[in-house]
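Inspection log for the structure reproduced underneath, given as structure tokens.
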There are 2 protein chains.
Amino acid sequence: MPFKKEQHSKESCNTHLNAVKDALYVLNGKWKLPLILALQNGPLRFNEIQKSLGEITPKILSKELKDLELNEFLNRKVFSTTPVTVTYELTAYSASLERVIDELRIWGTQHRERLVNHRKTDYRMQEVAT
Amino acid sequence: MPFKKEQHSKESCNTHLNAVKDALYVLNGKWKLPLILALQNGPLRFNEIQKSLGEITPKILSKELKDLELNEFLNRKVFSTTPVTVTYELTAYSASLERVIDELRIWGTQHRERLVNHRKTDYRMQEVAT
DNA sequence: GATACCGCTATCCTTTTGGAAAGTAGTATC
DNA sequence: GATACTACTTTCCAAAAGGATAGCGGTATC
């Protein structure tokens, strides 16, 4: 079967492209993945997430949490304590992202190593050049 | 060894997060992945890419191609024909993205199926409700 | 009644991203 | 010398994303 490469019909390409776009669509923006990773150690409250992420403003955090809830990556739970307690926790569905996130992490790691090596090489070349 | 979950130190989380961010950084924007997928069938010329992608303007295409070239995902080759011919082709390094793209595609596909099923369910529930 | 805490929302503003339209450089043909 | 072709670049503009700052509603404590 030497013809694996020939499966690139225009339709299948578009299907593939749309699937990739769908995936990136729900992970887009500056905060989606940081949020998901932050919640992987267990549920957190609104203010705890804010502290954990550092510089996110409440407006943005609120919007991102709503987006993630709509995509069923997390659940919002309200407890009638005083003052009220609201927690956000990852759903079982969010675990389906594991392989995607793993591959992004693996690729990102080796890409960064590659960049560092290039910089070293550039530096050596400069030394030689001067 | 039942403590796999306990490996979530703050430092390792940040390392993971940064790696994921690095990966998404080079794939960001509306056109990076469409471009890479378009070139997977072989090199294309500037105008061919434009036609293939449909609605991209020359300014954006030029910028995106430069970004991808900087990241060493593709090579720009100039042929001294008349008029000049310029082709863009994927590098060997771009193949390192294969697993990332595969996982995005797989996840995107099942996510879309899931959304379609939800819509069907919602429709049935509306029918029952009226 | 003033103050404090939580979980937000509202308003306004800046930055980033993407795009429309026109123009340019080099070469060749009529 | 006008026109055409490829591969862009330039200028100007609109939309989207992100952020700073202030405020609100509910509850409790002093």
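Here is the naming used below: chain letters follow the sequence lines, and residue numbers restart at 1 for every chain.
In terms of modelled atom types and a separation under 3.5 Å, the side chain of A:E48 and the main chain of A:R45 share a donor-acceptor contact.
Inter-residue side-chain proximity for A:L68 and A:L39 is flagged as unmet; no heavy-atom pair is nearer than 4.5 Å. The shortest distance between side-chain heavy atoms of B:V84 and B:V78 falls below 4.5 Å. Looking at heavy atoms from C-beta onward, B:L27 lies out of side-chain contact with B:I101 at the 4.5 angstrom threshold. The side-chain heavy atoms of A:N41 and B:C13, taken from C-beta on, include a pair separated by under 4.5 Å.
Sorted by first then second residue, the side chain to side chain donor-acceptor pair (under 3.5 Å) pairs that include residues 86-95 of chain B, not counting sequence neighbours, are A:Q110-B:Y93, A:H111-B:Y93, B:R76-B:Y88, B:K77-B:E89.
Rounded to 10 degrees, the angle between the two end axes of the helix from C:dG1-D:dC30 to C:dC30-D:dG1 is 30°, with five pairs used at each end.
Scored by the salt bridge (charged side-chain N to carboxylate O under 4.0 Å, His left out) test, B:E69 finds no partners at all (sequence neighbours excluded). Taking the salt bridge (charged side-chain N to carboxylate O under 4.0 Å, His left out) definition, one finds that B:K63 meets it with B:D67, sequence neighbours left out.
The shortest non-hydrogen separation linking B:T109 to A:A19 is OG1-CB, 3.4 Å.
The nearest whole Å value for the distance from the OH atom in A:Y25 to the C1' atom in D:dA16 is 12 Å. Atom-to-atom, CD1 of A:I56 to P of D:dG18 comes out at 9 Å; the value is rounded to the nearest Å. Rounded to an integer number of Å, the gap from A:L61 CG to D:dG19 P is 11 Å.
In this structure, NE2 in A:H16 is found 13.0 Å from CG in B:L104, a value given to the nearest 0.5 Å.
Contact footprint of chain A on DNA chain C: nucleotides with an atom under 4.0 Å from a non-hydrogen protein atom, first to last in 5' to 3' order, C:dC5 to C:dC12.
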Where protein sits on nucleotides 5-12 of chain D, one letter per nucleotide: B base, S sugar-phosphate only, - none, heavy atoms under 4.0 Å: -SSBBBBB
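When each of A:K32 and A:T81 is assigned the nucleotide of DNA chain D with its nearest heavy atom, A:K32 is the one assigned upstream, toward the 5' end.
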